[in-house]
Amino acid sequence: MPIQTYNTLSRKKEPLVPLTKNHINLYVCGITSYDYCHIGHARSALAFDMIVRYLRYRGYTVTYVRNFTDIDDKIINRAAEQGVSASALAQRFIDEFYVDMDHLGVDRPTLEPRATEHIQEMIDLIDELIAKGLAYQSGTDVYYAVTGFPEYGKLSGRNLSDMQAGARIAINENKTNPMDFVLWKGSKPGEPTWDSPWGPGRPGWHIECSAMSRKYLGDSFDIHGGGQDLVFPHHENEVAQSEGCCGKPLANTWIHHGFVTIRDEKMSKSLGNFLTIRDVLAQYHPEVLRFFIFSTHYRNPLDFSEAAMMDATAGLDRLYQCMAAIDDLSAAEIAENSTATVSAKDSHKLTTIEERFQKVMDDDFNTAQALAILFDAVKTINKICQQLPVRPAQADLNLITSSGALIKKLAGVMGLLKEDARTYLLHKKSTLLEDLDINEAEILQLIQDRKDARAAKDWTRGDSIRDQLLARGIELKDGAEGTSWQIKGH
RNA sequence: GGCGGCGUAGCCAAGUGGUAAGGCACUGGUCUGCAAAACCAUGAUUCAGCGGUUCAAAUCCGCUCGCCGCCUCCA
């Protein structure tokens, strides 16, 4: 069974059949770099990071192209406000974008072309469109003539007459048809400009992706992706440009992810309800954000809240705690000549983790189910660990450690469990401790005091120390190797 | 007005024709001097509502209600 992906164009799941055997060409629309990225951008980057990792895990070679829009009205306006050049502003936020991506552990795409480095390719494409009668010059601008492309609207499921009925489109007398969109704009004084056959100007937004995808991936490629808000007009217009020019399907399948919402409203600059990636990462571990994002299918809306992030934290901690327990176990002494004690049922659960994982991920990258499978495995491992004798049998130990390694590998497709479990848990502890009015030395001293009290069977004093610590946010945990501690609620 | 999506336990969330995954929270139990963690057990006779198709529906069809998105820049 090949991987199935939901195709926006056909509105159904379809088998993913690469144009070239074992190779996937993927183009994703990246950011317009004029500000810090918010967690909606993080969802986009993480969704495609996961998709690319999964495809590679499944044995495909993936060429992943993600562009930067580094020339655009918003960039020009913001640069003017700040008194810097458009290119300096764009570069600055590309650098900031990388800071965020690195922090999130997002793998770099194969290629990251920038619009301003492909002006000539865009001019060539516009020339071809004019020659084919699909574009026309009007004043200092060049427009795409949507009526010349009969399939216009096929990606977003609209048609020209419907759109014009409720159009919120500013009248532009340069256009033949109100739905025509700009390919090249003559520049106003002081704006960045490039020479062209139509005079000095700059490219329209949509043409860059048609030009760059064509240059790096050819006339047709496997997957084109982006956020759901790009379906119309951006991707619709790309289709019109590329297919109008080449006469071939631009992409075999279209993958669009859902939005991040806050209180069920789309996060957006105009509503002012957005959180930047760095806002969130200042408070939560990057993998918590990943866990949160992958706990819902990529096409569904995802509502950000503190409660949801706390849930995600609890879930991730549970996975890491299990990994830490497995690491501890590997130091255990083996009982010679012991036979395995793990039940056939549990053993079967663990040996089928990977096939179950693949089955659900093959079905349109269902990370929510994939996580459920990992939890199921963790539960089984915890159960086994609980029943294991102090000196376990080699066979049982092998099963657990290999399952642990497998869980890490599969979680790694989502960029989870990348840290050493002990390091993660210790780091978490020290980070949390910073917010409390207590330090580790003090905690350890109190634990020692309590140990002395308990040794003297002074339970009252022992309990009072524990309660005192609890009141300050520290929970104690008495185990076989003594007393350990953790931050309350974590 | 046009197009699309969603509505599943207290919360989050899978499941798209065969009898409701998983996580968080809660409760009872095991363990513990008492706790914590972990484990075990328990929770929707039911999937917004109403009607229909079917041997069988959360899943398909119709209608109603509620929420959201796109149609303007947007991940």
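Only heavy atoms go into these numbers, but all of them, side chains included; no hydrogens, no water, no symmetry mates. Throughout, a chain's letter reflects where its sequence line sits, starting with A, and its residues are numbered from 1. In this text the structure is predicted, and so the values were computed from the model without any measurement.
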Salt-bridge present ([X], [Y]; N to O < 4.0 Å):
| X | Y | result |
| --- | --- | --- |
| K359(A) | D363(A) | no |
| K74(A) | D72(A) | yes |
| K379(A) | D346(A) | no |

[N] and [M]: how far apart are their [atom1] atoms, nearest whole angstrom?
| N | M | atom1 | answer |
| --- | --- | --- | --- |
| U53(B) | A21(B) | P | 29 Å |
| G33(B) | A20(B) | C1' | 43 Å |
| C63(B) | A25(B) | C1' | 38 Å |
| A9(B) | A44(B) | P | 12 Å |
| G52(B) | U59(B) | P | 14 Å |
| G17(B) | C55(B) | C1' | 12 Å |
| U16(B) | A58(B) | P | 13 Å |
| G2(B) | G18(B) | P | 35 Å |

Any idea which of [options] is nearest the [X] side chain?
| X | options | answer |
| --- | --- | --- |
| P233(A) | C73(B), G69(B), G33(B) | C73(B) |
| T296(A) | A13(B), A38(B), C34(B) | A13(B) |
| D229(A) | A75(B), C34(B), C73(B) | A75(B) |
| K74(A) | G69(B), C73(B), C40(B) | C73(B) |

R11(A) CZ: over 12 foreign heavy atoms closer than 6.0 Å: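 It does: R11(A) CZ has more than 12 such atoms within range.
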Kindly assign one of parallel, tilted or perpendicular to the pair Y152(A) and F181(A), based on the angle between their ring planes and the thresholds 30° and 60°.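 Parallel: the ring planes of Y152(A) and F181(A) meet at under 30°.
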What is the distance, rounded to the nearest whole Å, between atom [atom1] of [X] and atom [atom2] of [N]?
| X | N | atom1 | atom2 | value |
| --- | --- | --- | --- | --- |
| D100(A) | A75(B) | CG | P | 14 Å |
| I262(A) | G69(B) | CD1 | P | 13 Å |
| E287(A) | G23(B) | CD | P | 19 Å |
| F291(A) | C12(B) | CZ | C1' | 10 Å |
| Q468(A) | A36(B) | CD | P | 19 Å |
| K457(A) | C34(B) | NZ | P | 12 Å |
| D467(A) | G33(B) | CG | C1' | 14 Å |
| H235(A) | U72(B) | NE2 | C1' | 17 Å |

On the nucleotide A75(B), are OP1 or OP2 found under 4.0 Å from the side-chain N or O atoms that K266(A) carries?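 Checking K266(A) against A75(B): no side-chain N or O falls below 4.0 Å of OP1 or OP2.
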Quick one: list whatever passes side-chain hydrogen bond (donor to acceptor under 3.5 Å, both in side chains) with E236(A), sequence neighbours left out.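 Here the qualifying residues are S156(A).
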Under the side-chain hydrogen bond (donor to acceptor under 3.5 Å, both in side chains) test, which residues partner S87(A), sequence neighbours left out?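 Once residues adjacent in sequence are excluded, the partners of S87(A) under the side-chain hydrogen bond (donor to acceptor under 3.5 Å, both in side chains) criterion are S85(A).
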Ignoring hydrogens and geometry beyond distance, is a side-chain donor-acceptor pair present between H427(A) and H285(A) at under 3.5 Å?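 There is no such pair (donor and acceptor under 3.5 Å, judged by atom type) between the side chains of H427(A) and H285(A).
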Side chains of N273(A) and E265(A): donor-acceptor distance under 3.5 Å anywhere?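 No, no side-chain donor-acceptor pair sits under 3.5 Å.
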Would you jot down, in residue-number order, the residues of residues 406-416 of chain A having a non-hydrogen atom under 4.0 Å from RNA chain B?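 Residues of residues 406-416 of chain A that come under 4.0 Å of RNA chain B do not exist, since none gets that close.
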For residues 361-372 of chain A, which residues have at least one heavy atom under 4.0 Å from RNA chain B?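 Going residue by residue through residues 361-372 of chain A, the ones with a heavy atom under 4.0 Å of RNA chain B turn out to be N366(A), A368(A), Q369(A), A372(A).
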Canonical and wobble pairing (Watson-Crick, G-U, under 3.5 Å) of RNA chain B, dot-bracket with |: ((((((((.[[[..)..(...]]]..((((.......))))......[[[[[..)....]]]]])))))))....
Closest-nucleotide 5' rank along RNA chain B - winner of M267(A) and F259(A):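 Residue closer to the 5' terminus by nearest nucleotide: F259(A).
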Of Q387(A) and H297(A), the one whose closest RNA chain B nucleotide lies more 5':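 Counting from the 5' end, the first nearest nucleotide belongs to H297(A).
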Identify whether any heavy atom of [X] sits under 4.0 Å from a base atom; if not, whether one sits that close to sugar-phosphate; answer base, sugar-phosphate or nothing.
| X | result |
| --- | --- |
| R356(A) | nothing |
| S295(A) | sugar-phosphate |
| V260(A) | base |
| K379(A) | sugar-phosphate |
| H234(A) | nothing |
| G227(A) | sugar-phosphate |
| D463(A) | base |

All N/O pairs under 3.5 Å across the protein-nucleotides 24-30 of chain B interface:
{"unit_1": "C24(B)", "atom_1": "O2'", "unit_2": "D311(A)", "atom_2": "OD1", "d": "2.7"}

Atom pairs under 3.5 Å, N or O on each side, protein against nucleotides 3-8 of chain B: can you list them with distances?
{"unit_1": "C3(B)", "atom_1": "O2'", "unit_2": "G157(A)", "atom_2": "O", "d": "3.2"}

Passing candidate, side chain to side chain donor-acceptor pair (under 3.5 Å) with K428(A), options T313(A), D317(A), T423(A):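 Exactly one pass, corresponding to D317(A).
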I'd like to check the ring-ring contact (aromatic ring centres under 6.0 Å, His included) partners of Y298(A); sequence neighbours left out, ordered by chain and number.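 ring-ring contact (aromatic ring centres under 6.0 Å, His included) list for Y298(A), sorted by chain: empty.
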Taking only residues two or more places apart in sequence or in another chain, which ones pass ring-ring contact (aromatic ring centres under 6.0 Å, His included) with H41(A)?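 Partners of H41(A) by the ring-ring contact (aromatic ring centres under 6.0 Å, His included) criterion, ordered by chain and then number, come out as H38(A).
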E191(A): which residues meet the salt bridge (charged side-chain N to carboxylate O under 4.0 Å, His left out) condition with it, sequence neighbours left out?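 Residues passing salt bridge (charged side-chain N to carboxylate O under 4.0 Å, His left out) with E191(A): K188(A), R202(A).
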Residue list, salt bridge (charged side-chain N to carboxylate O under 4.0 Å, His left out) with R78(A), at least two apart or on another chain: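 For R78(A) the salt bridge (charged side-chain N to carboxylate O under 4.0 Å, His left out) partners, ignoring immediate neighbours, are D35(A), E81(A).
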Is the F292(A)-Y284(A) ring centre distance short of 6.0 angstrom?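 Between F292(A) and Y284(A), the centre distance exceeds or equals 6.0 Å.
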Qualifying side-chain hydrogen bond (donor to acceptor under 3.5 Å, both in side chains) pairs, either residue in residues 442-451 of chain A, two or more places apart: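 Applying side-chain hydrogen bond (donor to acceptor under 3.5 Å, both in side chains) to every pair that reaches into residues 442-451 of chain A, excluding sequence neighbours, yields E442(A)-R472(A), Q445(A)-D449(A), Q448(A)-D452(A), R450(A)-D478(A).
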Check for me whether R158(A) meets the cation-pi criterion with F232(A), that is, NZ or CZ under 6.0 Å from the six-membered ring centre and within 45 degrees of the ring axis.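 Yes, R158(A) and F232(A) form such a contact.
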Less than 6.0 angstrom from the centroid, inside 45 degrees of the normal: does R108(A) satisfy that with respect to the ring of Y98(A)?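 Yes; both conditions hold, so R108(A) lies above the ring face of Y98(A).
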Are W459(A) and the base of G33(B) stacked, counting only ring centres nearer than 5.5 Å and planes tilted under 30°?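 Yes, the aromatic ring of W459(A) stacks with the base.
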Euclidean distance, Y36(A) OH relative to I277(A) CD1, rounded to 0.5 Å: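 Nearest 0.5 Å value for the CD1-OH distance: 12.0 Å.
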